[in-house]
Amino acid sequence: MTRQTIIDALWHGRDPFANPPETLRPLDLQGWRSVHPYLDEAVHDWRPGVVVEIGTWKGASALHLARTMAAGGVPGTVIAVDTWLGAVDHWADPALFAELAMENGYPSLYRTFLANVLREGMADRIVPLPLDSVNAAELLRLRGVAADVIHLDAGHEEASVAADLRAWWPVLRPGGLFIADDYDRLGGKFPGVGRAVDAFCAEHGLEGPWSFRGKAKFLKPNFLKPKFITPIPGG
């Protein structure tokens, strides 16, 4: 799919970067593991037409993916999914809470994301989708948008991650790559992420997950494994 067909499908043809504000916020690419070998591999090896990132924060990793695609001549688009309202971590931690940039009692983080994408000249490679994860996944399914690569970096609680995995698995095309952030086999700061990812891979009989420097990856099979059917006596 081209960026325009994605905008037609998700935004009813209205480019979210059209008519930007006259004054943009300063460039602020604060993030975590926004540059990572798994993200580079996703672009170089999969040459994706559609990448979906769930939990994009200020856009640092989405911009890295977009720049890597541009440099490698990959004509793909990053769909950046976020409410830009923060997760429980951002409301519980005073330092992260400040990053939400409250205006009149409401987070204004989307304005930082918007400014970063425009200042980096990547508006032609990124399409924001300001929805919660589950509703965004449903919208993509309804509109027939399939992802070649999914990068999950949203909530960190086990139940939240498990819900995201269930919601986005149908959106990933067969043979596609799924990357989950904040994964640590030893538990780490967010042990719920590892438990949810491991349980999902076991439930679906997937190889992996493979992990490196705080991210995990696993593949969606190109085919569905046939279920064992107990033979009927005399049938």
Ignoring hydrogens, what is the shortest heavy-atom contact between [X] and [Y]? Give both atom names and the distance.
X	Y	result
Ala146	Val50	O-CB, 3.5 Å
His151	Ser61	CE1-OG, 4.0 Å
Ala167	Ala137	O-CB, 3.5 Å
Ala123	Leu118	CB-CD2, 4.1 Å
Phe212	Pro37	CE2-CG, 3.7 Å
Ser108	Arg25	OG-NH2, 2.6 Å

Tell me every residue that passes side-chain contact (heavy atoms from CB on, under 4.5 Å) with Thr77, counting only those two or more places apart in sequence or in another chain.
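Once residues adjacent in sequence are excluded, the partners of Thr77 under the side-chain contact (heavy atoms from CB on, under 4.5 Å) criterion are Arg3, Ile6, Val127.
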So does Asp148 pair up with Arg47, basic N to acidic O under 4.0 Å?
no
Does the side chain to side chain contact (heavy atoms under 4.5 Å, CB included) test come out yes or no for Leu100 and Phe97, once each step is laid out?
CA-CA 6 Å; Leu100 296 176; Phe97 182 75; 4.1 Å; yes
Tell me whether [X] shares a hydrophobic cluster with [Y], the cluster being built from Ile, Leu, Val, Met, Phe, Trp, Tyr side chains joined at under 4.5 Å.
X	Y	value
Leu206	Val171	yes
Leu85	Leu131	no
Val134	Leu10	no
Leu96	Val88	no
Trp91	Trp84	yes

Would you say CG of Asp45 has more than 12 non-hydrogen atoms from neighbouring residues, nucleotides or ligands within 6.0 angstrom?
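Buried by this count: over 12 neighbours within 6.0 Å.
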Does anything in residues 150-171 form a salt bridge (charged side-chain N to carboxylate O under 4.0 Å, His left out)? List the pairs, not counting sequence neighbours.
Glu158-Arg195
Salt bridge (charged side-chain N to carboxylate O under 4.0 Å, His left out): which pairs involve residues 197-215, sequence neighbours left out?
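For residues 197-215, and leaving out neighbouring residues, the salt bridge (charged side-chain N to carboxylate O under 4.0 Å, His left out) pairs sorted by first residue read Asp181-Lys215.
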Test item: [X] and [Y] side chains (from C-beta on) under 4.5 Å apart, heavy atoms:
X	Y	value
Val149	Leu65	no
Pro128	Val117	no
Val74	His44	no
Asn116	Met122	no
Val161	Phe190	no
Val145	Ile79	yes

Exactly one of Ile179, Ile54, Leu165, Val81 should register a side chain to side chain contact (heavy atoms under 4.5 Å, CB included) with Ile150. Which one does?
Ile54
Hey, what's the ring geometry for Trp169 with His204, parallel, tilted or perpendicular (30° and 60° as the breaks)?
tilted
Look at the rings of Trp57 and His90 and say which category their plane angle falls in: under 30° parallel, 30 to 60° tilted, over 60° perpendicular.
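Answer is parallel, since the angle falls under 30°.
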[atom2] on [Y] to [atom1] on [X], rounded to 0.5 Å:
X	Y	atom1	atom2	value
Asp28	Lys58	CG	NZ	3.5 Å
Asn19	Arg14	CG	CZ	12.5 Å
Asp8	Asp15	CG	CG	10.0 Å
Leu152	Leu172	CG	CG	11.5 Å
Leu177	Trp46	CG	CH2	4.5 Å
Lys220	Arg173	NZ	CZ	10.0 Å

Within the distance-only criterion (no hydrogens, no angle test), does the side chain of [X] pair as donor or acceptor with the backbone N or O of [Y] below 3.5 angstrom?
X	Y	value
Arg111	Ala101	no
Arg125	Ala66	no
Ser160	His156	no

Might you work through the side chain to side chain contact (heavy atoms under 4.5 Å, CB included) test for Tyr183 and Lys217, ending with a clear yes or no?
CA-CA 9 Å; Tyr183 180 94; Lys217 66 176 181 177; over 6 Å; no
